[in-house]
Amino acid sequence: MVELDVQIPTTFDPFAEAKDSDAPGAKEYVHIRVQQRNGKKCLTTVQGLRKDFSYERILKDLKKEFCCNGNVVQDKVLGKIIQLQGDQRKNVSQFLVQAGIVKKDQIKIHGF
């Protein structure tokens, strides 16, 4: 009898390398949303920042930079969320990019 060298193919995951890298399809997004309150009042929320950042320090800098009030809210599903008074979507996105917290292509701006 003849012995054959047969190699059984293993499962190949083409996206295994992309999960750990900064490839465009593998990144976590930072979502910046505006929520309408009552009348002309609105609220800006920032979610999706990495957990190793100090949310309180980011909030302190945002409040000082944009002269608005805000707080950090703990959500069961979404984790920590930064809330700011007023429509600060563009300001927050520019601040996060300039501070080097996230890259511009990682930000999703939602609202109106």
Side-chain angles (χ1 to χ4, degrees):
M1 227 190 245
V2 179
E3 291 186 29
L4 298 175
D5 288 332
V6 179
Q7 293 181 348
I8 300 173
T10 58
T11 58
F12 175 70
D13 186 10
F15 301 107
E17 294 175 0
K19 290 178 185 173
D20 297 328
S21 68
D22 287 337
K27 62 184 149 223
E28 294 290 327
Y29 288 105
V30 174
H31 297 277
I32 302 173
R33 294 184 171 88
V34 65
Q35 296 177 345
Q36 191 71 32
R37 283 182 35 214
N38 49 0
K40 293 171 27 176
K41 308 290 183 184
C42 57
L43 189 70
T44 303
T45 60
V46 180
Q47 75 180 47
L49 293 173
R50 292 196 323 229
K51 296 186 184 351
D52 57 340
F53 288 129
S54 172
Y55 282 73
E56 287 75 19
R57 291 192 62 180
I58 294 172
L59 176 65
K60 182 179 177 182
D61 291 339
L62 287 170
K63 287 166 57 173
K64 187 174 278 196
E65 181 79 20
F66 307 132
C67 299
C68 65
N69 199 5
N71 63 350
V72 177
V73 177
Q74 179 67 36
D75 188 57
K76 292 179 183 176
V77 178
L78 302 173
K80 289 187 177 181
I81 299 173
I82 296 176
Q83 292 182 342
L84 296 170
Q85 283 183 342
D87 187 3
Q88 307 287 344
R89 289 174 292 175
K90 291 181 182 177
N91 296 335
V92 170
S93 66
Q94 290 173 356
F95 177 84
L96 293 175
V97 171
Q98 287 177 353
I101 297 172
V102 294
K103 296 177 184 170
K104 186 172 180 134
D105 58 343
Q106 291 177 315
I107 295 177
K108 295 272 187 181
I109 298 178
H110 305 278
F112 307 136

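Along the sequence shown, the residues carry numbers beginning at 1. As the structure is a prediction and not an experimental result, all values here were calculated from the model.
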Engineer: Check which hydrophobic residues are tied to L43 through side-chain heavy-atom contacts below 4.5 Å, counting indirect links as well, and list them.
Structural biologist: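 Direct or chained contacts put L43 with none.
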Engineer: Might you point out which heavy atoms bring D61 and F95 nearest each other, and give the distance in Å?
Structural biologist: CB-CZ, 3.7 Å
Engineer: Just verifying a value: how many Å separate K60 NZ and I58 CD1, rounded to the nearest 0.5 Å?
Structural biologist: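 Reported to 0.5 Å precision, the distance equals 13.5 Å.
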Engineer: Enter the distance from K104:NZ to L96:CG here, rounded to the nearest 0.5 Å.
Structural biologist: 12.0 Å
Engineer: Rounded at 0.5 Å granularity, tell me how far SG in C42 sits from CD in Q36.
Structural biologist: 6.0 Å
Engineer: Sub-3.5 Å donor-acceptor pair from the side chain of Q94 to the main-chain atoms of N91, do we have one?
Structural biologist: no
Engineer: Got a sec, which residues hit salt bridge (charged side-chain N to carboxylate O under 4.0 Å, His left out) with R50, two or more places apart in sequence or on another chain?
Structural biologist: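 R50 satisfies salt bridge (charged side-chain N to carboxylate O under 4.0 Å, His left out) with D52 once adjacent residues are dropped.
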Engineer: Would you mind writing out the side-chain donor-acceptor pairs for residues 71-85 within the sub-3.5 Å range, not counting sequence neighbours?
Structural biologist:
from: D75; atom 1: OD2; to: V77; atom 2: N; distance (Å): 3.4
from: D75; atom 1: OD2; to: L78; atom 2: N; distance (Å): 2.9

Engineer: Atom CD1 in I109, atom CZ in R33: separation rounded to 0.5 Å?
Structural biologist: 12.0 Å
Engineer: Taking side-chain contact (heavy atoms from CB on, under 4.5 Å) as the definition, give me every residue that meets it alongside K90, ordered by chain and number, with sequence neighbours left out.
Structural biologist: none
Engineer: Could you walk me through whether V30 and Q47 pass the side-chain contact (heavy atoms from CB on, under 4.5 Å) test, one step at a time?
Structural biologist: CA-CA 6 Å; V30 174; Q47 75 180 47; over 6 Å; no
Engineer: Enumerate the residue pairs fulfilling ring-ring contact (aromatic ring centres under 6.0 Å, His included) with a member in residues 30-82, sequence neighbours excluded, ordered by first and then second residue.
Structural biologist: H31-H110
Engineer: Return the OG1 to CG distance between T44 and D87, rounded to the nearest 0.5 Å.
Structural biologist: 5.0 Å
Engineer: Report whether V34 and I107 are members of the same hydrophobic cluster (ILVMFWY, side-chain heavy atoms less than 4.5 Å apart, transitive linking).
Structural biologist: no
